[in-house]
There are 2 protein chains.
Amino acid sequence: MVRQGFGALLDAQGDMTVVGSAADGSEVVDLVRKARPDVVLMDIRMPRVNGLDATRAVFAMPGDLHPKVIMLTTFDADEYVFAALQAGASGFLLKDASAEDLAGAVRVVAGGEALLAPSITQKLIADYVSRPTVRTPDVTVLGTLTDRELDVMRLVATGRSNAELAAELFLSEQTIKTHVSRILAKLGLRDRTQIVVTAYESGLVSAGGA
Amino acid sequence: MVRQGFGALLDAQGDMTVVGSAADGSEVVDLVRKARPDVVLMDIRMPRVNGLDATRAVFAMPGDLHPKVIMLTTFDADEYVFAALQAGASGFLLKDASAEDLAGAVRVVAGGEALLAPSITQKLIADYVSRPTVRTPDVTVLGTLTDRELDVMRLVATGRSNAELAAELFLSEQTIKTHVSRILAKLGLRDRTQIVVTAYESGLVSAGGA
DNA sequence: CCGGTCGTCACCCGGGCGGGTGAACCTGGG
DNA sequence: CCCAGGTTCACCCGCCCGGGTGACGACCGG
């Protein structure tokens, strides 16, 4: 019923056409493959395969042009917001949205932009600003290091021994020791554990290995 | 001119009243203190004091109820978005927004929620998902460690030597060595640099010291 | 052409680190 | 009551690490 209501609503807009409708998450991927829509309205809660997994499946499809996905939810369960956005969703609306909101959202995401319900925007911002700033490697501290020294520093920051670094870089262990010594001297550090700390704190490497 | 246009526009809405208008950022704080508005529309670019600093100043005012702030910008300069949100802004609109958009945004933020221009939402999401998830310390790995061992591990992760840890915790250096050895054994690690890496990667400690 | 920087490597030495073993004390639970 | 686990500490040993010094080739800029 809800699906049909939305479908009729959107079809009536004139500048968009409903090309299909799926009863649960497992049908979504097939339908997307066949109908090639520009935008998918995805319910978070669906029988069998939920909206999150269905979204991931849609973006895992071969081929490079995936449809935009707008998630729909009855209440703003913030724990799903991040997962949905991570999965590739471009929008997040509550089901109490008006017809104009819905149609507007479809137009926005079709245009490559994104749109979130205000209550979700508010939560997202709160979460966003609470996170540590993405560090661009600190030039003031690391600027004096040569490229090679930065290479070595990155590897030291993985917890490897000098011998392992030597093997990794096809160098003599002595060369590694020289580089490490230079790094310590230039940065005013004492031992390799402080190199690891500095590498993380400066943003040269970051948790998660990304 | 632009200010007057916006003012007239919003006054005409019926459910809101323009209580003041400032020529530059330095006037904003005074005006907010006197007029006590619910919502402030803030231009990013203003003579003398820019919108960012003015926003910070508004939220730095004594007293706990600050007005909501919507930032206005002519083009979506993403480098300011994070700073503005950090400063306390609840909204971010481009100046090409329609009158309804503007009035709607005022209502949304007045209601305690937030609203961003679609192009900015899109950038925010892209940035948001690219950030490492806020880690809650990984229980699966660290669960076998005792409280004391976790204490030691946190300190090891600051780059301190055993002797320094001993002084810090009022213990003998030997005790520290025992704890460190146990940590290494329990976590299957080799040396203290790997402890540092594990501490960061598991979220036991995180960059920025937060 | 030559001085400086960078990257590579070698030898030596001292010290901190990590491993092993053993032991004391305390607390809590069978 | 005694055993188990956590915390503390001691002694010994082997070794990797870090510091110092010196050297060689490559490259670049004056």
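Everything numeric in this text was worked out from a predicted model, so none of it was measured. Reminder, nothing fancy here: chain letters follow the sequence lines and each chain counts from 1.
Under the 4.0 Å criterion applied to side-chain N and carboxylate O atoms, B:Glu27 and B:Lys34 are not assigned as salt-bridge partners. Between B:Arg192 and A:Asp191 there is no salt bridge, since no side-chain N of the basic residue sits under 4.0 Å from a carboxylate O of the acidic one. Salt bridge present: B:Glu164 and A:Arg190 bring a charged side-chain N and a carboxylate O closer than 4.0 Å.
When distances run from any side-chain atom of A:Arg192 to the nucleotides C:dC17, D:dC17, D:dC9, the shortest one goes to D:dC17. With distances taken from any side-chain atom of A:Ser161 to the nucleotides C:dG18, C:dC9, D:dC17, the minimum falls on D:dC17. Distances from the side chain of A:Leu184 to the nucleotides D:dG19, D:dC9, C:dA10 place D:dG19 closest.
Atoms CG (B:Leu145) and P (D:dT7) sit 10 Å apart, rounded to a whole Å. Atom-to-atom, CD1 of A:Ile183 to C1' of D:dG19 comes out at 15 Å; the value is rounded to the nearest Å. The nearest whole Å value for the distance from the CG atom in B:Leu189 to the P atom in C:dG18 is 11 Å. Between B:Gln174 atom CD and C:dG20 atom C1' there is a gap of 11 Å when expressed in whole angstrom units. Nucleotide D:dT7 holds its C1' atom 9 Å from the CG atom of B:Leu171, rounded to whole Å. Computed from coordinates, the B:Asn162 CG to D:dA10 C1' distance equals 15 Å when rounded to whole Å. Distance CD (B:Gln194) to P (D:dC16): 14 Å, rounded to an integer number of Å. Atom CG of B:Leu165 is separated from atom C1' of C:dC17 by 12 Å (rounded to the nearest Å).
No option in B:Asp43, B:Thr73, B:Thr74 other than B:Asp43 meets the side-chain hydrogen bond (donor to acceptor under 3.5 Å, both in side chains) test with B:Lys95. The only option from A:Leu93, A:Leu115, A:Val40 that meets the side chain to side chain contact (heavy atoms under 4.5 Å, CB included) definition with A:Ile70 turns out to be A:Leu93. Considering B:Asp38, B:Val39, B:Val58 as possible partners of B:Pro67, the one that fulfils the side chain to side chain contact (heavy atoms under 4.5 Å, CB included) test is B:Val58.
Around CG of A:Asp15, the count of heavy atoms belonging to other residues, nucleotides or ligands within 6.0 Å exceeds 12.
The nearest heavy atom of DNA chain D to B:Phe170 and to B:Lys177 marks one nucleotide each, and the one closer to the 5' end goes with B:Phe170. Residue B:Asp191 is the one, among B:Arg182 and B:Asp191, whose nearest nucleotide of DNA chain C lies closer to the 5' end (criterion: closest heavy atom).
DNA chain C is contacted by no residue of residues 146-158 of chain B, taking any non-hydrogen atom closer than 4.0 Å.
The base of C:dC9 is not paired with the side chain of A:Glu173 by any donor and acceptor separated by under 3.5 Å. Side-chain N/O atoms of B:Thr178 and base N/O atoms of D:dC9 include a donor-acceptor pair closer than 3.5 Å.
Phosphate contact (OP1/OP2 of D:dT7, side-chain N/O of B:His179, threshold under 4.0 Å): absent. A close approach under 4.0 Å does occur between a side-chain nitrogen or oxygen of A:Ser172 and OP1 or OP2 of C:dA10. Listed pair B:Ser181 / C:dG19 meets the phosphate criterion, a side-chain N or O lying under 4.0 Å from OP1 or OP2.
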Does the pair B:Tyr128 and A:Phe82 meet the rule for a ring pair (Phe, Tyr, Trp, His ring centres under 6.0 Å), with working shown?
-> CA-CA 8 Å; B:Tyr128 182 77; A:Phe82 179 76; 5.2 Å; yes
